[in-house]
Peer 1: 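Here it is: the structure, laid out below.
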Amino acid sequence: MKRVWEKIVEGILTCSGFMTSLTILLIVVFLFAEALGLFNKKVIEEGYVLAVNKANPVQELSAAQIKDVFDEEITNWKELGGPDAEIKVFRLEDITSYFSEEELGAGYEKAPRCIGEIVAGDPGIIAFVPSKFIEKDFPGHLLKDESISFDEVFAGKEWFPTATPAPQFGFLPLITGTLWVSFFAILFALPFGLSVAVYMSEVADHRTRSFLKPVIELLSGIPSVVYGFFGLIVIVPLIQKAFNLPVGETGLAGSIVLAIMALPTIITVSEDAMRNCPRAMREASLALGATRWQTIYKVVIPFSVSGITSGVVLGIGRAIGETMAVLMVTGNAAVIPTTILEPLRTIPATIAAELGEAPAGGAHYEALFLLGVVLFFITMLINFSVEYISSRTNK
């Protein structure tokens with residue numbers, strides 16, 4: 001009977017492990033399946049076309065060029081390889097400036113003919129109109145609408161997914177913002193966390209340690225939104241006054257808040273690793289004439305480097321994946337930061353802020369899933385790097 005129960009328990013454990021692995025695999029597959037659809041989407045907004053005069057030799061424009069044209073940053077076709085003519089932007093709502101309601105028809109049934117006349121009569125025009133209003137004998141020509149390219153996404157410098165007629169899905173501002181904040185957060189948290197771990201493990205007496213450890217572990221249970229409020233009320237005004245900035249919501253504020261959030265993990269894991277160092281190693285070091293501090297940094301820390309590395313990885317994971325606190329204190333500006341004192345936006349904050357508003361199955365929706373894939377690879381790369389460093393150290 002005992003063997004039967006052992007087999008049953010073994011089967012349950014095996015099934016649980018298999019289901020867990022399968023669930024993780026399905027999540028990853030679903031993430032990639034949703035994300036990769038972005039590269040099948042067209043540059044121009046779905047259901048619309050860009051039309052130009054038949055004499056205009058320009059055949060294709062990139063998403064960035066289209067945005068610059070409609071933002072009037074590019075005003076002459078010569079800048080795009082076309083004739084030396086002023087660009088005139090036309091949208092469907094402008095059609096009433098050319099034709100009356102009677103000429104357009106009650107249901108805009110005559111709009112296709114009217115749009116054709118407008119495009120044919122102006123050599124510098126670029127018209128952004130619904131594709132259903134383009135007739136077979138349209139007296140102009142349509143710009144090629146290619147699929148969104150890999151370069152436009154990963155080398156793009158602008159994130160503006162609601163822009164018309166061509167949304168901008170440049171990941172560069174979001175990736176740099178995430179790495180910028182995470183790097184400085186770990187830069188702040190690591191020395192403080194390691195110092196406190198050394199103090200608790202090697203210096204503090206039992207009474208002090210028994211008081212500090214629960215307090216530090218309690219910090220990891222505080223909701224991230226509370227840290228966000230603390231950063232917004234305390235840290236942001238301090239940074240604004242200290243550096244004489246117009247606004248205090250900057251990458252530095254996000255880094256400090258994330259450093260505070262990562263400290264409990266780094267301290268707890270590192271302290272546990274140091275306390276696992278055998279007492280015989282400490283005593284042998286002291287017996288050979290080493291001082292207390294020499295024993296700490298030449299014996300205890302090298303022995304505990306694997307555990308310390310794990311604490312750092314968990315801390316980095318907390319920093320990179322954090323959402324609400326960063327969203328509240330970094331200014332939420334999707335621009336490439338040049339200094340830590342500028343507003344920025346991270347990948348998790350972008351996903352949290354925009355996923356609820358993105359139409360399911362649309363380009364914006366799939367771009368947010370692709371951001372999740374990028375975040376997945378960043379985290380995986382960090383984990384593999386740390387594992388490699390740890391294995392090399394243990395040798």
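Small disclaimer: the values here were computed from a predicted structure and weren't measured. Below, all heavy atoms of this structure are taken into account, side chains as well, without hydrogens, waters or symmetry copies.
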Peer 1: Is F154 atom CZ crowded by more than 12 heavy atoms from other residues, nucleotides or ligands, each under 6.0 Å away?
Peer 2: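 Enclosed: over 12 neighbouring heavy atoms sit under 6.0 Å from CZ of F154.
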Peer 1: Aromatic rings W159 and F171: how do their planes relate, parallel, tilted or perpendicular, breaks at 30° and 60°?
Peer 2: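 Rings of W159 and F171: tilted, 30 to 60°.
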Peer 1: Would you check if the distance from the ring center of F369 to the ring center of Y365 is below 6.0 Å?
Peer 2: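 Close enough - the centres of the two rings lie under 6.0 Å apart.
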Peer 1: For E109, does the CD atom have more than 12 heavy-atom neighbours from other residues, nucleotides or ligands under 6.0 Å away?
Peer 2: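 Enclosed.
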Peer 1: Indicate yes or no for a side-chain donor-acceptor contact from W77 to the backbone of G124 under 3.5 Å, with no hydrogens or angles considered.
Peer 2: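 At least one qualifying donor-acceptor pair exists.
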Peer 1: Can you tell me if T178 and T346 form a side-chain donor-acceptor pair at under 3.5 Å?
Peer 2: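 No, T346 and T178 have no side-chain donor paired with an acceptor closer than 3.5 Å.
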Peer 1: Using a 6.0 Å cut-off, check whether atom CD of E46 has over 12 heavy atoms from anything other than its own residue.
Peer 2: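 No, not enclosed.
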Peer 1: Is the NZ atom of K88 crowded by more than 12 outside heavy atoms at less than 6.0 Å?
Peer 2: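 Atom NZ in K88 is not crowded, with 12 or fewer foreign heavy atoms closer than 6.0 Å.
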Peer 1: For the residue pair F192 and I266, establish whether any side-chain heavy-atom pair is separated by less than 4.5 Å.
Peer 2: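 Answer no - side chains too far apart.
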Peer 1: Answer yes or no: does atom CZ of F138 have more than 12 heavy-atom neighbours from other residues, nucleotides or ligands under 6.0 Å?
Peer 2: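 Above 12, so yes.
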Peer 1: Looking only at heavy atoms, which two atoms of R275 and R282 are closest? And how far apart?
Peer 2: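 Nearest pair, atom of R275 first, then R282: CA-NH2, 4.2 Å.
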Peer 1: Ignoring hydrogens and geometry, is there a side-chain-to-backbone donor-acceptor pair from Q294 to T291 under 3.5 Å?
Peer 2: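 Indeed, once roles are kept as given, a pair shorter than 3.5 Å links the two residues.
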Peer 1: Hey, is CE on M380 packed in by over 12 heavy atoms from elsewhere, all under 6.0 Å?
Peer 2: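 For M380, atom CE is crowded (more than 12 foreign heavy atoms under 6.0 Å).
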Peer 1: Any side-chain donor-acceptor pair under 3.5 Å between S97 and D94?
Peer 2: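 Result is no, nothing qualifies.
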Peer 1: Please determine if E102 and K110 form a salt bridge, counting it only when a charged side-chain N lies under 4.0 Å from a carboxylate O.
Peer 2: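 Looking at E102 and K110, the cut-off is not met.
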Peer 1: Mind telling me whether F377 and F32 have parallel, tilted or perpendicular rings, with 30° and 60° as the class edges?
Peer 2: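 Taking F377 first and then F32, their aromatic rings stand perpendicular (interplane angle over 60°).
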Peer 1: Quick check on the 6.0 Å ring-centre criterion: do Y297 and W293 meet it?
Peer 2: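 Not close enough - the centres of the two rings lie 6.0 Å or further apart.
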Peer 1: Are F128 and F90 close enough that their ring centres sit under 6.0 Å apart?
Peer 2: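 Not close enough - the centres of the two rings lie 6.0 Å or further apart.
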Peer 1: Considering only heavy atoms from C-beta outward, does the side chain of L194 approach that of V312 to under 4.5 Å?
Peer 2: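 L194 vs V312: side chains apart.
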